[in-house]
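To start, the structure itself, in structure tokens.
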Number of protein chains: 2
Amino acid sequence: MGIQSTMKALSDPIRREILEHLKTGRHSAGEISDKFTISGPAISKHLSILKEADLLRDAREGKFIYYELNASVLEEVMLWIASLKGEST
Amino acid sequence: MGIQSTMKALSDPIRREILEHLKTGRHSAGEISDKFTISGPAISKHLSILKEADLLRDAREGKFIYYELNASVLEEVMLWIASLKGEST
DNA sequence: TATTCATTTAACCATTTGGTTAAATATAAA
DNA sequence: TTTATATTTAACCAAATGGTTAAATGAATA
């Protein structure tokens, strides 16, 4: 956790796309995977990195694992950037 | 350029520290380097990555090369995050 | 219970990353 | 013009990253 894992997670374009996709609501791993051309396992790894960074939450429902965005940790990044820009927040 | 090079540049803790240091004003490569335990060439590489991402600007003055923060490109990151958080900006 | 479906984990591989030391470049100073 | 100083570039290396395919796991269905 911390800003490092957040920034690292956000540094990959596919992971950012996954987050953007989850803006529309919760989706299963398979649904997410379908949006990309890379393999399921590759997506699964990306999901676990995002989850580790607490950028998303997962919940199993039967055969499916649903992922949903947790944007709250992005607040820390916002504050860091704002401070760099010399904003009083 | 683009959000990808910005995010990639920001994903390294030393590069973020360099930017934080430059919040206090312009500093020469040597002054920046003195703040860290890694070698000068390593810092030089970090500086070139930050410069490539347009996060800082450089200006030679005699023997010295001064670096200064360019926070303007961070606006794009702010907007991206805000949009993910479902903010109207 | 055996099979199928959804997903992750394991093992592996090529490329990228971030560091090192040594050499090159640019400018100032002796 | 030689020497010293500031910085980058080159060459190299170990570790991390992001992908692959094959195997394992979890849960539903036949």
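A, B, ... follow the sequence lines: proteins, then strands. Residue 1 opens every chain.
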A:I65 CD1 to D:dG26 P: how many Å, rounded? 11 Å
Most 5' of A:G62 and A:I38 on DNA chain D, judged by nearest nucleotide: A:I38
Starting at atom OH of B:Y66, determine the distance to atom P of D:dT7, rounded to an integer number of angstrom. 8 Å
Pull out every residue in residues 23-34 of chain A that has a heavy atom closer than 4.0 Å to any atom of DNA chain C, ordered by number, or say none. A:S28, A:A29, A:G30
Using whole Å, report how far CZ of A:R15 lies from P of D:dG19. 8 Å
For B:L56 and D:dT7, give me the distance from atom CG to atom P, rounded to whole Å. 14 Å
Hey, does B:Y67 reach any base, or is it just sugar-phosphate, or nothing, if we go heavy atoms under 4.0 Å? sugar-phosphate
Give B:K8 one of three labels, base, sugar-phosphate or nothing, depending on what nucleic acid heavy atoms sit under 4.0 Å from its own. sugar-phosphate
To the nearest Å, give me how far apart CG (A:D58) and P (D:dG26) are. 14 Å
Applying a strict under-4.5 Å side-chain criterion to I, L, V, M, F, W and Y, I'd like to know whether B:L55 and B:Y66 cluster together. no
Please say yes or no: joined through hydrophobic side-chain contacts below 4.5 Å, possibly via intermediate residues, are B:V73 and B:M78 part of one cluster? yes
B:Q4, CD: over 12 other non-hydrogen atoms inside 6.0 angstrom: yes
Result for 5'-nearest mapping on DNA chain D, choosing between A:A42 and A:K63, is A:A42
Ignoring hydrogens and angles, write down the donor-acceptor pairs under 3.5 Å from the side chains of residues 32-47 of chain B, residues two or more places apart or on other chains.
from, atom 1, to, atom 2, distance (Å)
B:S39, OG, B:A42, N, 3.2
B:H46, ND1, B:R15, NH1, 3.1

Quick note, B:F64 side chain, CB onward, closest among D:dG18, D:dG26, D:dA6 is D:dA6
Let me know the distance between CG of A:L50 and P of D:dT17, rounded to the nearest Å. 14 Å
Contact interval (first through last nucleotide) of DNA chain C with protein chain A, 4.0 Å heavy-atom: C:dC5 to C:dT9
